[in-house]
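The next block holds one structure in the form of structure tokens; read it before the comments.
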Amino acid sequence: MKKKTIGQYIVQDVWFLEAKKLGYRARSAFKLLEIQEQFDIIKPGMSVLDVASAPGSFLQVISKIIGPEGLAVGVDLQKIKSLGRPNVKLLQGDIFDAPKIAAFCESIGVKQFDLVTSDIAPNTTGMKGVDQYRSIELNIEILKFADPWLKMGGNIVLKVFVGEDIQELITPIKQRYTTLKRIKPRACRERSFEEYFVCLGKK
Ligand SMILES: C[S@@+](CC[C@H](N)C(=O)[O-])C[C@H]1O[C@@H](n2cnc3c(N)ncnc32)[C@H](O)[C@@H]1O
């Protein structure tokens, strides 16, 4: 991938510049667009819960595809600036604050979602093994979180730092979903061990 450099420092890459050009809030938009291109998981009229949404580029992609009949709910610890789209509802809070999530969903009349997208990652330590293991633990918590919120047959997308213990995440995924597809979108940093797990067909 081409990178813009000043001296030895990489300042921006093509994804960052492309996101800016197209009005996306983050390069992550291209990751979800590639996942969508490959698996067609977002459809018009769907209800989607986007976990860890700030600054909101996944939501920009989702909101456009689900259209006026759909609903996207974005939750993040940080405040997400309004997208100015009526099909998007935003909540500032911790995804693991179950009463807060339940109260919010009740207030907007949502009982369950067709799709959950999660871009959550642990705070990285720089120690590869530690970061990978924390990512597994976090994603197991997201799977449990999603159990009551996802409709039967629904799908979930997880961001995963893949390492040697990955089977510890694959096992609970396979208990819950009929199919697991893995993808490393082009917009993921080349040297990162980040992948997205697309879990299809909640049992
Ligand atoms: C990589 S960013 C998400 C980018 C987003 N998908 C987008 O496309 O703009 C990760 C986000 O996870 C959020 N986050 C981390 N832990 C969280 C938690 N427990 N509950 C809600 N959000 C969390 C962070 O605040 C951060 O904004």
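Both counts, for ligands and for their atoms, begin at 1 and track the order of listing. If you're wondering where the values come from, they're calculated on a predicted model, not measured in any experiment.
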Ligand 1 contact on [X] by region, counting heavy-atom pairs under 4.0 Å:
X      : value
Ala29  : neither
Lys159 : side chain
Pro55  : both

Identity and distance of the protein heavy atom lying nearest [atom]:
atom                    : value
atom 12 (O) of ligand 1 : Ala52 CB, 3.1 Å
atom 10 (C) of ligand 1 : Asp119 O, 3.8 Å
atom 25 (O) of ligand 1 : Asp76 OD1, 2.6 Å
atom 20 (N) of ligand 1 : Ile95 N, 3.0 Å
atom 2 (S) of ligand 1  : Ala54 O, 3.6 Å
atom 22 (N) of ligand 1 : Leu77 N, 3.3 Å
atom 15 (C) of ligand 1 : Ile120 CG1, 3.8 Å
atom 8 (O) of ligand 1  : Ser57 OG, 2.6 Å

Practice problem: Not counting sequence neighbours, which residues clear ring pair (Phe, Tyr, Trp, His ring centres under 6.0 Å) with Phe104? List them please. | Solution: none
Self-check item: Residue that, paired with Glu195, satisfies salt bridge (Lys or Arg N to Asp or Glu O under 4.0 Å) out of Arg189, Arg182, Lys159, Lys181
Solution: Arg182
Quiz item: Any side-chain heavy atom of Phe161 within less than 4.5 Å of one from Asn139?
Solution: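 Result no, sub-4.5 Å side-chain heavy-atom pair not found.
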Quiz item: Quick one: does Leu150's side chain get under 4.5 Å of Phe145's, heavy atoms only?
Solution: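 A side-chain contact is absent here, since even the closest heavy-atom pair is not under 4.5 Å.
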Quiz item: If we ignore angles and hydrogens, is there a donor and acceptor under 3.5 Å between the side chains of Asn87 and Ser63?
Solution: yes
Quiz item: Just checking, is any N or O donor in the side chain of Asp119 or Tyr196 under 3.5 Å from an acceptor N or O on the other one?
Solution: yes
Considering distance alone, does some N or O of [X] sit under 3.5 Å from an N or O of ligand 1?
X     : result
Asp94 : yes
Val75 : no
Ala26 : no

Practice problem: With side chain to side chain contact (heavy atoms under 4.5 Å, CB included) as the test, would you mind laying out the steps for Val73 and Leu91 before giving the verdict? | Solution: CA-CA 8 Å; Val73 173; Leu91 174 68; 5.5 Å; no
Exercise. Hey, could you give me each pair passing salt bridge (charged side-chain N to carboxylate O under 4.0 Å, His left out) that has a residue in residues 31-47? Not counting sequence neighbours.
Key: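 Qualifying pairs, neighbours excluded: Lys31-Glu194, Glu34-Arg186, Asp40-Lys43.
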Using a 4.0 Å cutoff against the non-hydrogen atoms of [X], which atoms of ligand 1 qualify?
X     : value
Ser28 : 8 (O)
Gln78 : 24 (C), 25 (O), 26 (C), 27 (O)
Gly56 : 7 (C), 9 (O)
Gly93 : 20 (N), 21 (C)
Ser53 : 5 (C), 7 (C), 9 (O)

Self-check item: Sidechain N-carboxylate O distance under 4.0 Å for Lys100, Asp94
Solution: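 Looking at Lys100 and Asp94, the cut-off is not met.
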Quiz item: Does Glu141 come within less than 4.0 Å of Lys144, counting only side-chain N to carboxylate O?
Solution: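 A salt bridge links Glu141 with Lys144.
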Practice problem: Give the intermediate values and the outcome of side chain to side chain contact (heavy atoms under 4.5 Å, CB included) for residues Ile80 and Arg25. | Solution: CA-CA 11 Å; Ile80 310 156; Arg25 294 180 177 182; 4.0 Å; yes
Self-check item: Flag if over 12 foreign heavy atoms under 6.0 Å of NZ, Lys203
Solution: yes
Self-check item: Arg25 heavy atom under 4.0 Å from ligand 1
Solution: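 Outside the 4.0 Å threshold, so no.
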Practice problem: Give a yes/no verdict on whether any heavy atom in Ala121 is under 4.0 Å from an atom of ligand 1. | Solution: no
Exercise. Classify the angle between the aromatic ring planes of Tyr24 and Phe30 as parallel (below 30°), tilted (30 to 60°) or perpendicular (above 60°).
Key: perpendicular
